[in-house]
Amino acid sequence: MKVLHTSFECYPLAKVGGLADVVGALPKYLTALDCHTEVIMPMYDNAAMQSQSYHTVYNGTIRLGNDPYDYEIKEITSAGLGFTIYAVAIPALLYRPKPYGYHDDTERFLSFQLAVLDWLCTLEELPSIIHCHDHHTGLIPFLVAHAHAYEKLRTIPTVLTIHNAQYEGYFSHDKMYLIPSFDFEKAGLLDWGQSINPLAAAIKCAWKVTTVSPSYMEELQQFANGLEGLLSHENEKCMGILNGIDPDVWDPATDPMVITNYDSTTLLEGRAKNKEWICQEFGLDIDKPLFAFIGRMVYEKGADLLPDIVSQTLADKDVSLLILGSGKHDIEERLEALKPHYTGRYNTYIGYDEKLSHIIYAGADFLLMPSRVEPCGLNQMYALRYGLIPIVRRIGGLKDTIPDIGDGGYGICHDQASVQDVCYSIGRAVELYEDKEQYQALQERIITIDNSWNYSAKQYRELYKSLNQLK
Ligand code: ADP
Ligand code: GLC
């Protein structure tokens with residue numbers, strides 16, 4: 001069996017969020033299970049991709065409407081990820097510093113998908129499964145099933161994984177001319193809410209639809225920005241498979257990004273060194289419990305609640321807060337504006353910094369995840385692996401991975417994404433922190449929890465096998 005994953009992110013070559021971590025790790029675990037897995041992603045203009053070695057395996061041309069674009073398929077020979085990875089080079093459209101956020105994203109997403117399919121048609125050995133991630137590659141299941149040009153790929157089963165249904169990638173019917181010709185009676189499969197909707201088209205056309213936790217799959221049937229009816233209708237082919245983490249990358253004993261490495265036997269000293277560095281760097285008091293947030297500053301993550309959480313917490317609790325993230329400018333500005341009021345107790349790093357995130361996992365005392373929507377969430381699993389206690393809202397993957405300490409679990413949970421609920425949880429965390437024996441016992445326990453891909457990769461392998469039997 002040969003599986004091809006198509007994705008716009010793959011760690012460490014291009015990362016915006018957890019999608020990159022999943023695509024950079026799951027294929028390695030599948031390959032180890034004798035399920036040969038390859039990844040194809042766009043070629044970006046970023047340092048991580050510029051520093052790789054490449055071997056060109058194919059040159060071709062696609063058409064977006066009337067416009068021809070030459071493309072190149074390059075195998076990345078130096079990535080050392082434990083699986084084969086290819087980059088699609090289309091200089092005019094894909095060679096940009098970031099994966100997304102451009103005025104011509106629709107054309108960019110389409111060009112990548114067309115180049116992948118065009119190239120696959122030239123191969124002698126076709127993949128047994130094409131696995132698409134999110135709406136960026138969501139037109140592939142439709143094109144494989146119905147576009148005239150890809151007849152050769154018709155019987156290949158397609159899988160869609162929804163990492164985040166907040167983003168659907170829809171665009172106007174005016175752009176229908178960009179899509180290669182297909183039987184026009186199938187046009188309805190592309191449409192949702194009078195737009196061409198790649199996520200909806202993938203939900204309709206993929207042979208299987210997965211999302212990244214069982215709870216999020218249930219939630220999506222109730223609320224999915226207008227796609228809930230479609231997801232309930234397609235319920236039979238949908239399933240939630242919890243993400244894992246890659247313990248080779250996320251290991252406090254070997255992580256080259258942290259200040260001091262540690263394992264379960266040296267956890268207290270190791271974590272104290274990392275906390276010391278953070279407190280020096282950000283002017284915080286090492287003796288106070290340190291609460292951190294790491295993530296995209298968007299409504300889904302509950303980031304808009306952070307300014308009030310900071311003010312209310314610092315009004316009556318003797319703790320420190322550190323926030324790492326970027327996103328909505330109004331949230332960033334409100335968080336920055338609070339700094340002069342709480343010097344020595346609160347700080348921020350507005351931006352993306354992979355190294356700093358690792359040090360925070362290794363040195364903070366509690367991690368805040370007040371998410372409104374959390375399909376899976378990886379931060380809480382990284383936190384456990386580094387001995388950092390997560391405070392999470394019971395939603396999506398957070399609900400599936402973090403049981404509350406009151407129920408014999410290992411996190412602090414609240415039901416609402418509200419300032420009040422988060423502050424109440426912070427109060428519980430302070431009590432726990434003060435009970436040194438219980439606090440340290442919990443840290444020693446969580447660092448041993450196995451959330452690696454080993455289990456979930458087997459579920460994907462079984463899913464692929466079942467699809468191959470249907471062919
Ligand atoms: P999402 O994909 O929705 O952003 P996840 O929890 O799945 O959420 O994954 C987020 C990933 O991105 C984690 O690896 C987290 O450490 C990382 N991350 C998020 N924001 C930042 C940031 N500002 N700097 C460094 N790493 C970040
Ligand atoms: C998305 C989700 C996040 C999930 C990640 C990887 O970005 O927001 O919850 O962990 O994808 O699947």
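Order of appearance sets the numbers: ligands from 1, and atoms from 1 within every ligand.
Between the side chains of E300 and N164, a donor-acceptor pair is found at a separation under 3.5 Å.
For atom 2 (O) of ligand 1, the closest non-hydrogen atom on the protein side is G18 N, 2.5 Å. Looking only at protein heavy atoms, the nearest one to atom 20 (N) of ligand 1 is G295 CA, 3.4 Å. Closest to atom 9 (O) of ligand 2 among all protein heavy atoms lies E374 OE2, 2.5 Å. Among protein heavy atoms, atom 24 (N) of ligand 1 sits closest to D353 N, 3.0 Å. Protein heavy atom at the shortest distance from atom 22 (C) of ligand 1 is Y352 CD1, 3.4 Å.
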- prompt: What do the steps show when you test Y460 against H131 for ring-ring contact (aromatic ring centres under 6.0 Å, His included), and what is the final call?
  reply: CA-CA 10 Å; Y460 279 108; H131 190 144; 5.6 Å; yes
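Under 4.0 angstrom from ligand 1, the non-hydrogen atoms of Y382 all belong to its side chain. At a 4.0 Å heavy-atom cut-off, ligand 2 does not touch V373 at all. Contacts of M369 with ligand 2, taken as heavy-atom pairs under 4.0 Å, are absent altogether.
Near G325, meaning under 4.0 Å from one of its heavy atoms, ligand 1 places the atoms 23 (N). If you number the atoms of ligand 2 from 1 as listed, the ones under 4.0 Å from a heavy atom of V212 come out as 12 (O). Contact atoms of ligand 1 toward K301: 1 (P), 3 (O), 4 (O), 8 (O) (distance under 4.0 Å to a heavy atom of the residue). Atoms of ligand 2 found under 4.0 Å from any heavy atom of R296, numbered from 1 in the order shown, are 8 (O). Atoms of ligand 2 found under 4.0 Å from any heavy atom of N243 (numbered from 1 in listed order, with element): 6 (C), 10 (O), 12 (O). Of all the atoms in ligand 1, the ones that sit under 4.0 Å from a non-hydrogen atom of R296 are 1 (P), 3 (O), 4 (O). Counting atoms of ligand 2 from 1 in the listed order, those under 4.0 Å from a heavy atom of N164 are 8 (O). Interface of P375 with ligand 2, defined as ligand atoms under 4.0 Å from a residue heavy atom, comprises 2 (C), 8 (O), 9 (O).
Here's the thing with Y361: one of its N/O atoms is less than 3.5 angstrom from an N/O atom of ligand 1. For S326, no nitrogen or oxygen atom sits less than 3.5 Å from a nitrogen or oxygen atom of ligand 1, counting backbone and side chain alike. Close N/O approach between D21 and ligand 1 is found [any backbone or side-chain N/O within under 3.5 Å]. Ligand 2 has an N or O atom lying under 3.5 Å from an N or O atom of G377, backbone or side chain. Among the atoms of V22, none of the N or O lies under 3.5 angstrom from an N or O of ligand 2. Considering backbone and side-chain N/O of W250, none are found under 3.5 Å from N/O of ligand 1. In terms of N/O distances under 3.5 Å, ligand 1 is approached by G351. For ligand 1, none of its N or O atoms has an N or O atom of V16 under 3.5 Å away. Looking at ligand 1, you'll find an N or O of K15 within less than 3.5 Å of one of its N or O atoms. Below 3.5 Å of separation, one finds no N or O of E300 facing any N or O of ligand 2. Inclusion of N379 in the set of residues having an N or O under 3.5 Å from an N or O of ligand 1 is warranted. Backbone and side-chain nitrogen or oxygen atoms of L378 are examined, and one is located within less than 3.5 angstrom of a nitrogen or oxygen of ligand 1.
Residue contacts with ligand 1: Q380 is excluded, as none of its non-hydrogen atoms falls under 4.0 Å. For Y11, the closest heavy-atom approach to ligand 1 does not fall below 4.0 Å. The shortest heavy-atom distance from C376 to ligand 1 is not under 4.0 Å.
From E228, atom CD reaches atom NE2 of H233 across 14.5 Å, with rounding to the nearest 0.5 Å. Here CD1 of I129 is found 11.0 Å from NZ of K208. Values are rounded to the nearest 0.5 Å.
Checking each of S452, C376, P390 against M381 for a side chain to side chain contact (heavy atoms under 4.5 Å, CB included) leaves exactly one that passes, namely C376.
Both tests pass for R96 against the ring of Y102: distance under 6.0 Å to the centre and angle within 45° of the axis.
Looking at residues two or more places apart in sequence or on another chain, you find a salt bridge (charged side-chain N to carboxylate O under 4.0 Å, His left out) between R394 and D415.
For H133 and F8, the ring centers are positioned 6.0 Å apart or more.
A donor-acceptor contact shorter than 3.5 Å is absent between the side chain of Y382 and the backbone of S357.
We find that D365 and K288 are not joined by a salt bridge, their nearest charged nitrogen and carboxylate oxygen being 4.0 Å or further apart.
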